Amino acid sequence: MGEENYKPKMPDIMEAVFDAGYLIFDLVAAILFFVFSKGNTVFVLYGILTLTLCGGDAFHLVPRILRTIHGSNDRIKKQLGIGLQISSITMTVFYIILMYVWKYTFPDLKAPAAVEAMIWISAIIRIVVCVLPQNNWCTDEGNMKLSVIRNAVFAVTGIGVIILYAISGNANDYHMTRMVAAILISFGCYLPVTLFSKTKPKVGLLMIPKTCAYMWIIAMGLQLMF
């Protein structure tokens with residue numbers, strides 16, 4: 001379809017507005033964390049966490065927004081593929097930072113060595129797998145085998161972080177057990193999309209609650225700060 005004949009459909013416009021609102025929310029939240037952190041390590045980490053989320057996702061979401069406005073072309077397809085690769089790596093870094101947020105939020109608690117090793121090892125494996133050119137990020141076919149591997153180890157990373165926040169529970173009345181729910185929602189929505197969206201496009205709608213779960217994680221940090 002030629003770009004000159006392209007007309008965006010309402011669902012695509014709504015998705016683009018949602019994506020833009022999400023990126024703006026992350027950017028504003030990151031600024032708030034840095035401005036009002038007053039040197040508090042927890043909130044500085046939250047700021048870095050939020051910028052990592054915003055920056056990584058922007059590589060994928062901005063081309064999606066441009067595709068809605070101008071239609072698809074080879075350049076945008078390539079940008080989407082590279083953006084998906086970058087966001088896959090930054091999302092892994094996101095969970096490593098979230099582990100350190102836990103450590104500084106609950107300094108009286110010690111992370112089990114096995115759990116910390118589980119998070120680090122699985123995160124490193126995922127990043128290495130994501131870098132491999134065999135992923136075919138810029139093609140429609142991708143690589144299902146590597147997709148399963150990289151998302152399986154990503155789930156291990158997520159489980160490790162879930163264990164930490166389950167250990168702390170509602171210590172200090174921070175009610176951070178909500179973090180467990182947010183991470184479970186994000187993975188519950190993300191994994192089906194990565195595995196089945198190419199064959200069943202409607203599964204992609206799960207990215208909306210997945211994105212909302214990440215906004216919830218950021219909102220918890222803002223609530224803790226204010």
Side-chain angles (χ1 to χ4, degrees), residues 1-31 49-95 126-127 129-151 154 182 185-219:
M1 177 166 52
E3 289 184 63
E4 65 276 5
N5 298 321
Y6 173 75
K7 291 183 179 180
K9 297 179 181 179
M10 184 55 66
D12 296 327
I13 294 173
M14 292 174 65
E15 179 189 348
V17 171
F18 177 81
D19 291 341
Y22 162 68
L23 292 176
I24 292 170
F25 170 83
D26 285 352
L27 183 59
V28 171
I31 293 171
L49 180 86
T50 308
L51 273 184
T52 301
L53 183 67
C54 179
D57 283 353
F59 278 98
H60 180 58
L61 294 180
V62 170
R64 288 181 70 90
I65 294 170
L66 292 175
R67 184 178 65 181
T68 297
I69 298 171
H70 301 293
S72 184
N73 56 48
D74 290 339
R75 185 181 66 180
I76 288 180
K77 285 181 180 179
K78 184 176 181 180
Q79 290 173 346
L80 282 168
I82 295 173
L84 187 59
Q85 180 182 34
I86 292 172
S87 64
S88 295
I89 294 171
T90 55
M91 190 57 67
T92 311
V93 175
F94 174 91
Y95 280 97
R126 175 173 163 85
I127 291 172
V129 173
C130 285
V131 171
L132 296 175
Q134 290 86 349
N135 283 282
N136 299 324
W137 292 103
C138 296
T139 66
D140 293 333
E141 296 77 18
N143 187 318
M144 180 55 70
K145 183 178 179 180
L146 286 182
S147 177
V148 171
I149 292 173
R150 66 177 183 258
N151 287 300
F154 189 34
I185 292 170
S186 68
F187 271 94
C189 296
Y190 172 76
L191 293 178
V193 171
T194 59
L195 296 175
F196 305 117
S197 62
K198 290 185 182 296
T199 56
K200 299 180 179 180
K202 289 186 178 180
V203 176
L205 290 172
L206 288 173
M207 291 302 281
I208 294 175
K210 170 256 182 186
T211 301
C212 291
Y214 282 111
M215 293 172 72
W216 188 19
I217 290 174
I218 302 306

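Since this is a predicted model, take the numbers as computed values, not measurements.
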Thr52 and Met91: CA distance, side-chain angles, deciding distance, side chain to side chain contact (heavy atoms under 4.5 Å, CB included) verdict: CA-CA 8 Å; Thr52 301; Met91 190 57 67; over 6 Å; no

Could you report the tightest heavy-atom contact between Ala58 and Pro63, atom names first, then the distance? O-CD, 3.7 Å

Donor-acceptor contact below 3.5 Å, side chain Asn135 vs main chain Val129: yes

Given side chains that start at C-beta, do those of Ile208 and Thr211 come closer than 4.5 Å, heavy atoms only? no

Verify, without hydrogens or angle tests, whether Tyr6 (side chain) and Thr68 (backbone) share a donor-acceptor contact under 3.5 angstrom. yes

List the atom of Lys77, the atom of Ser72, and the distance in Å for their closest heavy-atom pair. CE-OG, 3.5 Å

Can you check side chain to side chain contact (heavy atoms under 4.5 Å, CB included) on Cys54 and Tyr214, steps first, answer last? CA-CA 10 Å; Cys54 179; Tyr214 282 111; over 6 Å; no

Using a 6.0 Å cut-off, check whether atom CZ of Phe59 has over 12 heavy atoms from anything other than its own residue. no

Check for a donor-acceptor pair, side chain of Asn73 on one end and backbone N or O of Arg75 on the other, with a separation under 3.5 Å. yes

So, taking the atom named CG in Leu132 and the one named CD1 in Ile127, what distance separates them when rounded to the nearest 0.5 Å? 12.5 Å

Under the side-chain hydrogen bond (donor to acceptor under 3.5 Å, both in side chains) test, residues paired with Ser87 that sit two or more places apart: none

Is there any salt bridge (Lys or Arg N to Asp or Glu O under 4.0 Å) pair reaching into residues 12-31, and which pairs are they, with sequence neighbours excluded? Glu15-Arg64

Val62 and Leu23: side chain to side chain contact (heavy atoms under 4.5 Å, CB included), yes or no, with the steps? CA-CA 9 Å; Val62 170; Leu23 292 176; 4.2 Å; yes

Ile76 and Gln79, any side-chain heavy atoms less than 4.5 Å apart: yes

Kindly compute the distance separating CG (Leu27) from OG1 (Thr50), expressed to the nearest 0.5 Å. 10.0 Å

Would you find a donor on one side and an acceptor on the other, under 3.5 Å apart, between the side chain of Arg126 and the backbone of Arg150? yes

Taking all non-hydrogen atoms of both residues into account, name the closest pair between Ile65 and Ala20 and its distance. CD1-N, 3.9 Å

For Ile185 and Pro209, work out which heavy atoms get closest and say how close. CG2-O, 4.1 Å

Does the side chain of Leu80 come within less than 4.5 Å of His60's, by heavy atoms? yes

So, the side chain of Asn143 versus the backbone of Gln134: is there a donor-acceptor pair under 3.5 Å, distance only? yes

If you look at every heavy atom in Asn136 and Gly142, which pair is closest and at what distance? ND2-O, 3.4 Å

Nearest heavy atoms of Phe187 and Pro192, plus distance in Å: O-CD, 4.1 Å

Can you tell me how far apart OH (Tyr190) and OG (Ser88) are? Round to the nearest 0.5 Å. 4.5 Å

Tyr22: ring pair (Phe, Tyr, Trp, His ring centres under 6.0 Å) partners, not counting sequence neighbours: none

Evaluate the criterion side chain to side chain contact (heavy atoms under 4.5 Å, CB included) for residue pair Phe94 and Leu49; output intermediate values, then yes/no. CA-CA 6 Å; Phe94 174 91; Leu49 180 86; 3.5 Å; yes

Any chance you could measure Cys138, atom SG, to Asp74, atom CG, to the nearest 0.5 Å? 11.0 Å

Nearest-0.5 Å distance that lies between atom OG1 in Thr194 and atom CG in Leu206: 10.5 Å

Measuring from atom OG of Ser186 to atom OH of Tyr95, what distance do you get when rounded to the nearest 0.5 angstrom? 3.5 Å

